[in-house]
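Comments concern the structure below.
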Amino acid sequence: MTAQLNPRGDVAVLVPAAGAGVRLGPGVPKALRLLAGEPLLVHAVRRIAAAGSVHTIVVAAPAGEVGAVRRLLAPVAPVLVVPGGAERQASVAAALAAVPAGPGIVLVHDAARALTPPDLVESVAGAVRSGHDAVIPALPVVDTIKEVGAGEVVLGTVDRSALRAVQTPQGFRRSVLVAAHAAAGDPLTDDAGLVEKQGIPVVCVPGSEYAFKVTRPFDLALAEHLLATGA
Ligand code: CTP
Ligand code: MG
């Protein structure tokens, strides 16, 4: 059954899904790789669509797969599908340009974070709604972090207490994200980075272990296990 989005919702979610998935190994584009029999993108979109304040979902698909992705997602939720770009930042910009009038909050969420709970979408959106221009989910760093130089020689130990591992969805007041992308230079790996360059404060909210990014084969195995045990 196709999930209905909320026509009175104030949130658009952009889903960059145009990457190749080089680190996952050879095969179809990562967003279309199967996890428990369904593409990663289907898992991700189903969870986004279950978040109550989502009005619009825009997916940036691999350029050659736009029609296939439309057909794939039609039974899952009403989505707009646009061709993505060569870098993640270009894919996000293409999706942002397709957001219809209405939503005042825009979230950007990697298709590869396929098990992200709908609650995290709502908590990020809620923090933007409460007045923050830019909000990112983050977790403390658990490993000790070393800075290294030439020959893998350790230069020093970084103070872990001041570090965070950052996830998506990242949430923005719409005008802030539009301005940040309009001013963007070299491609960055997240959207908050563009907003930081504008001198706008970015605030962290608690992330979720389930919002990990499927990047390497181990992550896919972990996701399979979590789904089999009820995620
Ligand atoms: N992405 C995108 N357009 C690109 C590159 C990445 O929409 N040109 C998306 C990916 O599909 C993914 C998200 O951005 O959902 C995060 O990127 P990453 O995990 O790096 O995915 P890939 O680029 O596909 O993986 P890799 O870097 O291993 O090739
Ligand atoms: Mg990549």
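Just so you know, ligand 1 is whichever comes first in the structure, and atom 1 is the first atom listed for that ligand. What's counted below: heavy atoms across the whole structure, side chains too, no hydrogens, waters or symmetry copies.
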Main-chain N/O of [Y] paired to [X] side chain as donor or acceptor, under 3.5 Å:
X: Arg113; Y: Ala44; value: no
X: Arg33; Y: Leu220; value: no
X: Arg160; Y: Val142; value: yes
X: Asp159; Y: Ser161; value: yes
X: Gln170; Y: Ala134; value: no
X: Glu122; Y: Gly52; value: yes
X: Gln167; Y: Ser208; value: yes
X: His43; Y: Leu35; value: yes
X: Lys30; Y: Arg23; value: no

Identity and separation of the nearest protein heavy atom to [atom]:
atom: atom 12 (C) of ligand 1; value: Pro16 O, 3.7 Å
atom: atom 29 (O) of ligand 1; value: Val22 N, 2.7 Å
atom: atom 27 (O) of ligand 1; value: Arg23 NH2, 2.9 Å
atom: atom 24 (O) of ligand 1; value: Gly21 N, 2.9 Å
atom: atom 23 (O) of ligand 1; value: Gly19 CA, 3.9 Å
atom: atom 3 (N) of ligand 1; value: Ser91 OG, 2.7 Å
atom: atom 13 (C) of ligand 1; value: Asp110 OD1, 3.4 Å
atom: atom 18 (P) of ligand 1; value: Lys30 NZ, 3.6 Å

At less than 4.0 angstrom from any non-hydrogen atom of [X], what atoms of ligand 1 do you find?
X: Ala20; value: 24 (O)
X: Ala112; value: 15 (O)
X: Ala111; value: 15 (O)

(request) Quick one: look at Arg113 and ligand 1, take heavy-atom pairs under 4.0 Å, and tell me if it's side chain, backbone, both or neither. (result) neither
(request) Of the side chain and backbone of Ala86, name the one, both, or neither that has a heavy atom under 4.0 Å from an atom of ligand 1. (result) backbone
(message) With a cutoff of 4.0 Å, is Gly85 in contact with ligand 1, counting heavy atoms of the residue only?
(response) yes
(message) Can you tell me if Ala31 contacts ligand 1 (heavy atom of the residue under 4.0 Å from the ligand)?
(response) no
Atom pairs and distances, side-chain donor-acceptor, residues 73-94, under 3.5 Å, sequence neighbours left out:
residue, atom, partner, partner atom, Å
Arg88, NE, Asp110, OD1, 2.9
Arg88, NH1, Asp191, OD2, 2.9
Arg88, NH2, Asp110, OD1, 3.0
Arg88, NH2, Asp191, OD2, 3.4
Gln89, OE1, Leu188, N, 2.7
Ser91, OG, Gly85, N, 2.9

(request) Consider every N or O of Lys213 and every N or O of ligand 1, then say whether any pair is closer than 3.5 Å. (result) yes
(request) Consider every N or O of Ala60 and every N or O of ligand 1, then say whether any pair is closer than 3.5 Å. (result) no
(message) Just to be sure I'm reading this right: ignoring hydrogens, which of Arg216, Gln89, Arg88 gets closest to atom 4 (C) of ligand 1? Compare them by their nearest heavy atoms.
(response) Arg88
(message) Counting neighbours of CD on Glu224 that are heavy atoms of other residues, nucleotides or ligands and sit closer than 6.0 Å, is the number greater than 12?
(response) yes
